[in-house]
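All residue numbers refer to positions in the sequence shown, counting from 1. Everything numeric in this text was worked out from a predicted model, so none of it was measured. Start at 1 and go down the list; that is how both ligands and their atoms are numbered.
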Amino acid sequence: MSRVIHILTEQVASQIAAGEVVERPASALKELVENSLDAGARSVTVELERGGGALIAVTDDGTGMGREDATLALRRHATSKIRDAADLTAIRTLGFRGEALAAIASVARMVLRTRRPGDDHGVEIAATAGEIERVAACAIAPGTRIEVRELFFNTPARLKFMKTVATEQAAAASAMQRLALADHRVAFSLGADGRSLLATPRAASPLERMRQLFGAQLAGRMLAFDARSGSGRAWGLAATSHESFATPRMVLTFVNGRAVRDRLLARAIAQAYATLIPRGRHPAVVLFVELRPEEVDVNVHPMKTEVRFRNAGALFELVYRALRARLSDQSVPAGAERPTAGNDGGNNQTAGSDEIDDTAGADGGIVRLARPVRSGPSAHPGGDEERPLRLVADNSTLTGVQRALGLGYGGVSKSDAALRPGFEPGRDVANDRANGAPHSPSIDYAGAAMTPSAASAAPIETGPRGAPVPRYSELRILGQLFAGYIVLEDSSAVADDGLILLDQHAAHERVTFERLSAEFRAGGVRSQALLVPATLELAPARAAQVTSGLAELRAIGFELEPFGPATLLLTGMPAVFDGADGMALLTDLLDGMGEGGLRANGSGAFEDLLKRLACHGSVRVGRVLKSDEISALLADLDATPFKSNCPHGRPVHIRFARGQIERLFRR
Ligand code: ADP
Ligand code: MG
């Protein structure tokens with residue numbers, strides 16, 4: 001026995017290769033439907049039996065194949081989509097590797113029927129485990145139908161890894177959903193064991209496709225975003241930050257029409273929602289990235305679900321900014337926009353739609369992001385003790401609309417006026433849970449209802465709905481409840497009337513956090529000198545920690561000088577907190593400091609620090625507010641980006657619709 005190495009038979013090699021491409025019925029389905037799309041189909045129908053394990057049948061009305069091509073198509077490395085390696089640099093089709101049909105055929109019993117429109121009959125090819133058994137003429141409408149039976153019948157190892165019918169079916173349905181999102185111009189239908197799981201006619205826009213797939217309610221509450229840069233475009237729909245989910249299943253990313261899983265995109269999305277939704281929870285985002293084909297390498301993964309970007313940094317920035325800009329002001333949901341956009345594949349923001357939304361456009365959104373939140377506090381001579389936490393509006397720096405109690409809108413800015421017609425289009429917590437438990441007046445905002453339902457054909461979370469964010473200062477102030485919540489009546493003409501409870505601490509925390517962050521980004525939190533410097537005595541270990549963090553403290557507005565072995569002198573504090581007790585603020589902050597001191601937690605450290613500072617420096621639950629303080633807070637909030645949630649992701653307000661209140665009274 002001199003030789004131990006031998007070349008595997010073509011059949012074994014195909015089976016091995018198949019393992020990379022066809023992991024489960026859903027991946028076979030994906031490959032077959034992608035072929036239909038590449039063939040220019042306008043309608044794709046899929047039937048499954050037993051989750052796809054018994055049968056996957058895909059029928060399309062695409063170009064079809066002639067007899068010779070159809071026979072070749074089942075061979076490995078057979079493709080009509082590329083010719084040479086150079087073509088790999090600019091792929092414009094979903095397929096290009098020429099291995100899917102061969103791979104599927106090698107692990108199943110396949111019957112392929114296909115006919116080109118010009119041919120008077122079609123051809124039928126039957127293959128088992130990749131071996132062609134029959135080629136014959138057949139009758140079929142122009143297009144292609146591929147039936148795959150008994151997937152993995154000859155690969156017992158793979159068969160063992162198949163999950164339950166329900167699980168495989170759910171995976172197939174979500175694969176189908178991604179394909180349907182990727183191309184709204186194609187009609188899709190998916191049936192399983194005689195039941196329809198998904199049926200979407202051709203749609204005029206991605207938003208309409210979203211409605212078909214996710215329902216008008218969720219789609220209607222999503223915000224459209226769209227940004228371009230030199231290297232490409234990032235657009236799509238994003239849930240408001242009032243909504244969050246326990247899994248990232250509702251984060252769907254597409255690159256040049258291809259559904260991909262990508263860490264970079266996931267990270268950009270997660271970061272855009274940072275401080276807006278609670279840690280560990282996920283938003284709903286449908287993101288479409290369009291890049292020149294040369295900018296993306298799609299040939300890095302056999303299933304083509306991963307890609308590599310030539311300029312990852314720029315792409316990250318583009319996506320992050322597109323979303324962040326849109327989330328900074330969530331006043332108008334996508335649903336308020338015209339339902340159809342151009343059907344040329346883009347959801348072009350039509351000129352003239354500014355009546356509804358002047359912020360969704362790429363540039364508009366980014367400009368908004370860069371706009372400083374508000375100029376800092378101006379010095380007011382003669383120490384005004386009515387302003388302990390600067391809750392009272394400084395009228396000199398506020399626009400007309402922010403004046404207390406909405407006594408006329410003389411100074412309404414253009415964008416404010418533009419926003420009003422679409423304001424609160426009647427979607428809110430209560431309306432959407434039409435049959436909410438009538439005996440319970442409370443809404444479990446962050447409760448169990450927000451966890452996703454079990455995997456199902458339509459994997460949509462049903463939970464409390466995110467109402468669009470109102471312009472708080474335009475609502476009637478009813479008063480303060482439990483010294484912690486501001487009670488507002490929302491009787492806008494467009495929306496259903498509602499009662500709004502606003503968490504004063506969460507609201508003020510966001511206002512303060514955004515002011516601090518803006519100053520921090522602009523070079524450092526502005527500091528205000530104390531009239532009388534105060535001394536701070538610390539335990540020696542603590543003193544060493546604090547002394548080594550003086551630069552960090554200065555960056556967030558605290559000026560400290562060493563003043564003896566374990567004593568420091570506080571000479572300045574963040575100007576934002578004008579009038580507050582700077583020493584108390586500083587000690588609170590230092591008390592919350594961990595073992596490692598101020599530098600401890602790496603890159604996010606400053607954000608955490610600012611969050612804590614905002615928290616300590618914001619008005620507490622338990623503080624009775626004067627009516628002008630309430631008005632000022634509402635006006636400040638309106639002028640603040642990301643006002644829907646506090647920096648820890650808790651909601652700033654909860655809305656009870658009139659209908660819900662009336663139901664409680666059995667009206
Ligand atoms: P790839 O899609 O990478 O080219 P496949 O193995 O998936 O490789 O398909 C091989 C070839 O078979 C395709 O290039 C295409 O020419 C042809 N083909 C497959 N499915 C269809 C279809 N539904 N309609 C028309 N042609 C098809
Ligand atoms: Mg293919």
Hey, mind stepping through K304 and K30 against side chain to side chain contact (heavy atoms under 4.5 Å, CB included) and telling me if it holds?
CA-CA 10 Å; K304 300 161 289 173; K30 169 187 164 287; 4.2 Å; yes
What's the spacing between I132 CD1 and L74 CG if we round to 0.5 Å?
5.0 Å
Return the residue, atom name and 0.1 Å-rounded distance of the protein heavy atom closest to atom 4 (O) of ligand 1.
T79 OG1, 2.5 Å
Residue part near ligand 1, for T144, under 4.0 Å between non-hydrogen atoms
side chain
Looking only at non-hydrogen atoms, which of R97, K81, M65 approaches atom 26 (N) of ligand 1 most closely?
M65
Does R324 make a cation-pi contact with F225 (under 6.0 Å, within 45 degrees of the axis)?
no
Would you check the N or O atoms of A39, main chain and side chain alike, for any that come under 3.5 Å of an N or O of ligand 1?
no
Tell me whether G98 reaches ligand 1 (any heavy atom closer than 4.0 angstrom to a ligand atom).
yes
So which bit of E31 gets within less than 4.0 Å of ligand 1, heavy atoms only: side chain, backbone, both or neither?
neither
Nearest-neighbour protein heavy atom for atom 12 (O) of ligand 1, which is reported as residue plus atom name and distance
A73 CB, 3.4 Å
In ligand 1, the atoms that come under 4.0 Å of a heavy atom of F96 are 1 (P), 3 (O)
Residue and atom names of protein N/O/S atoms that fall under 2.8 Å from the Mg ion (ligand 2)
N35 OD1
Do you see a donor-acceptor pair shorter than 3.5 Å between the side chains of D262 and T253?
no
What do you reckon, does D38 have a nitrogen or oxygen under 3.5 Å from a nitrogen or oxygen of ligand 1?
no
Going by atom type alone, with no hydrogens or angles, which donor-acceptor pairs under 3.5 Å involve a side-chain atom of residues 88-105 and a protein atom two or more places apart or on another chain?
residue: T89; atom: OG1; partner: A86; partner atom: O; Å: 2.6
residue: T93; atom: OG1; partner: G95; partner atom: O; Å: 2.7
residue: R97; atom: NE; partner: E99; partner atom: OE2; Å: 2.8
residue: R97; atom: NH1; partner: N299; partner atom: OD1; Å: 3.0
residue: R97; atom: NH2; partner: E99; partner atom: OE2; Å: 3.2

What part of D60, side chain from CB on, backbone N/CA/C/O, both or neither, has a heavy atom under 4.0 Å from ligand 1?
side chain
Give, for atom CZ of R202 and atom NE2 of H184, the distance between the pair rounded to the nearest 0.5 Å.
9.0 Å
Separation of T63 OG1 from R116 CZ (nearest 0.5 Å)
9.5 Å
Could you check whether D193 pairs with R195 (Lys NZ or Arg NE/NH1/NH2 to Asp/Glu carboxylate O, under 4.0 Å)?
no
Closest to atom 9 (O) of ligand 1 among protein heavy atoms sits N35 ND2, 3.7 Å
Under 4.0 Å between a side-chain nitrogen and a carboxylate oxygen: does that hold for E124 and R113?
yes
Does E168 come within less than 4.0 Å of R24, counting only side-chain N to carboxylate O?
yes
Note: ligand 1 atoms sitting under 4.0 Å from heavy atoms of E99 are 6 (O), 8 (O)
Y273 vs S244 side-chain heavy atoms within contact, under 4.5 Å:
no
Set out, in order, the CA-CA distance, both residues' side-chain angles and the distance that settles side chain to side chain contact (heavy atoms under 4.5 Å, CB included) for S80 and D69, then state yes or no.
CA-CA 9 Å; S80 56; D69 279 343; over 6 Å; no
Are F309 and L291 packed together at the side-chain level, in the sense that at least one heavy-atom pair is separated by less than 4.5 angstrom?
yes
With heavy atoms of G95 as the reference, note each atom of ligand 1 found under 4.0 Å away.
2 (O), 3 (O)
Quick test: of every protein heavy atom, which one is nearest to atom 10 (C) of ligand 1, and how far off is it to 0.1 Å?
A78 O, 3.3 Å
For L101, is at least one N or O under 3.5 Å away from an N or O on ligand 1?
yes
Kindly indicate whether the side chain of T240, heavy atoms from C-beta on, has any atom under 4.5 Å from the side chain of L223.
yes
For atom 15 (C) of ligand 1, what's the nearest protein heavy-atom neighbour? Residue, atom name and distance, please.
S80 OG, 3.5 Å
